[in-house]
Amino acid sequence: EMLQKKTQVPANWNAEWEKNFHPIEVDGRVTVRAPFHEKPATDFDIVIEPKMSFGTGHHETTHMMIAYILNNDFTDKKVLDMGCGTGVLAILAEMKGAKSIDAIDYDNWCYLNSIENVERNQCKHITVLEGDAKLLENRDYQVILANINRNILLRDMSIYVNCLNDKGTLFLSGFYKE
């Protein structure tokens, strides 16, 4: 009688991730989805391969920022997406007509992921930069989007204000009640 050796099948983490990653829709107008999801019938279709980056739209702060972008005019605006994660907010800003967007993240993984996602969505007006608020010296914007944690927002808020044009708009997200 032969003993059969049980072999442990390694988990396919990519398949696991894909099973649990669902497209999100904001206000029936934007869909944020992975490349393996079907193309939706929304006005704005953003394809993101999130890997290890923050910004799939599933988090409340990202979802809220997407809604703010939808409800504001970005036509011909110069925009900053600070702490860009996957680049999703910069991508939507371009889709809404922004003419020049800087997407900045200090995390190398996010920086590389944003470059990929910008290309995947055929964006032509986004410059992805790796670094922090020190990169903002001598830059100016009409709209600044910063979806980062509270401590960084508080630390860098004066820097954002200094590079925001008169009558510019500053969108901050990341202040939690709990």
Side-chain angles (χ1 to χ4, degrees), residues 21 24 26 29-35 43-153 155-165 168-175:
F21 182 85
I24 65 132
V26 181
R29 295 179 58 206
V30 176
T31 303
V32 180
R33 65 181 176 95
D43 298 341
F44 304 100
D45 174 31
I46 302 174
V47 181
I48 295 292
E49 187 83 70
K51 297 188 176 170
M52 301 291 285
S53 304
F54 182 84
T56 57
H58 288 83
H59 198 275
E60 292 91 337
T61 60
T62 310
H63 196 281
M64 187 175 76
M65 291 292 264
I66 289 170
Y68 277 122
I69 295 169
L70 276 178
N71 295 319
N72 284 275
D73 182 17
F74 278 72
T75 309
D76 295 328
K77 300 266 171 88
K78 191 172 179 194
V79 178
L80 167 65
D81 178 3
M82 193 69 200
C84 60
T86 60
V88 65
L89 301 180
I91 292 165
L92 182 58
E94 176 165 325
M95 289 177 172
K96 286 272 297 172
K99 68 170 184 218
S100 168
I101 304 116
D102 287 341
I104 299 176
D105 207 296
Y106 72 92
D107 182 274
N108 182 255
W109 193 276
C110 293
Y111 164 73
L112 297 172
N113 191 215
S114 289
I115 290 171
E116 271 180 48
N117 289 325
V118 163
E119 288 170 2
R120 180 174 281 111
N121 288 277
Q122 286 100 43
C123 293
K124 305 280 180 260
H125 307 291
I126 300 172
T127 304
V128 182
L129 302 163
E130 185 176 6
D132 59 18
K134 290 181 198 83
L135 291 174
L136 300 178
E137 202 174 314
N138 301 318
R139 292 179 188 260
D140 66 291
Y141 302 96
Q142 291 161 295
V143 179
I144 297 176
L145 308 164
N147 182 23
I148 317 176
N149 78 56
R150 176 182 181 273
N151 294 342
I152 295 172
L153 289 173
R155 183 190 73 205
D156 294 344
M157 203 179 302
S158 61
I159 298 168
Y160 305 149
V161 170
N162 287 337
C163 57
L164 190 64
N165 293 359
T169 312
L170 176 60
F171 296 97
L172 301 175
S173 186
F175 295 98

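All heavy atoms count here, side chains included; hydrogens, waters and symmetry mates do not. Numbering starts at 1 and runs along the sequence shown.
Side-chain atoms of D43 and V30, non-hydrogen and from C-beta on, never get closer than 4.5 Å to each other. E49 places a side-chain heavy atom less than 4.5 Å from the side chain of N117. At least one side-chain heavy atom of V88 sits under 4.5 Å from a side-chain heavy atom of T62. No side-chain heavy atom of R139 sits under 4.5 Å from any side-chain heavy atom of L80. You'll find the side chain of D81 stays beyond 4.5 Å of the side chain of E94, heavy atoms only. Side chains of I48 and R33 form no contact here, defined as non-hydrogen atoms less than 4.5 Å apart.
Taken to the nearest 0.5 Å, the CG atom of D73 stands 6.5 Å off from the NZ atom of K96. Within the model, atoms CG of L164 and OG1 of T169 stand 7.0 Å from one another, a figure rounded to the nearest 0.5 Å. D107 contributes atom CG, which lies 8.0 Å from atom CD of E130 (distance to the nearest 0.5 angstrom). Atom CE of M95 sits about 5.0 Å away from atom CD1 of I46, to the nearest 0.5 Å. Q122 contributes atom CD, which lies 10.5 Å from atom CD1 of I91 (distance to the nearest 0.5 angstrom). Here CG of D76 is found 11.0 Å from OG of S100. Values are rounded to the nearest 0.5 Å.
When all heavy atoms of A34 and V47 are compared, the closest pair comes out as C-CG1, 4.0 Å. The two atoms that bring A146 and M65 nearest to each other are N-CE, 3.6 Å, heavy atoms only. Closest non-hydrogen pair, S114 versus G85, comes out as OG-O, 2.8 Å. Nearest heavy-atom pair across A98 and V79 is CB-CG2, 3.8 Å. Smallest separation of non-hydrogen atoms from Y111 and L129: CD1-C, 3.6 Å. The two atoms that bring I144 and Y141 nearest to each other are CG1-CB, 3.9 Å, heavy atoms only.
Of the residues listed (L136, D105, L145), the one engaging M82 in a side-chain contact (heavy atoms from CB on, under 4.5 Å) is L136, and it is the only one.
Although no hydrogens or angles enter the test, the distance criterion places no donor-acceptor pair under 3.5 Å between the side chain of Q142 and the main chain of N165. Of the possible donor and acceptor atoms, none in the side chain of N113 sits under 3.5 Å from a partner among the backbone N and O of W109. A distance-only check finds no donor-acceptor pair linking the side chain of N121 to the backbone of C123 [under 3.5 Å]. Within the 3.5 Å criterion, the main-chain N or O of I152 finds a donor-acceptor partner in the side chain of N149. Within the 3.5 Å criterion, the main-chain N or O of A93 finds no donor-acceptor partner in the side chain of K77. In this structure, the side chain of K99 does not engage the main chain of H125 through any donor-acceptor pair within 3.5 Å. No donor-acceptor pair under 3.5 Å is formed between the side chain of D132 and the backbone N or O of Y106.
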Discussion item. Between I66 and L89, is the side chain to side chain contact (heavy atoms under 4.5 Å, CB included) condition met? List the steps.
Written reply: CA-CA 7 Å; I66 289 170; L89 301 180; 3.8 Å; yes

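Residue F44 qualifies as enclosed at atom CZ: its count of foreign heavy atoms under 6.0 Å is above 12.
Side chain to side chain, N147 and T61 meet the donor-acceptor criterion of an N or O pair below 3.5 Å.
Taking the six-membered ring where the residue is Trp, F171 and Y68 present tilted rings, their angle falling between 30° and 60°.
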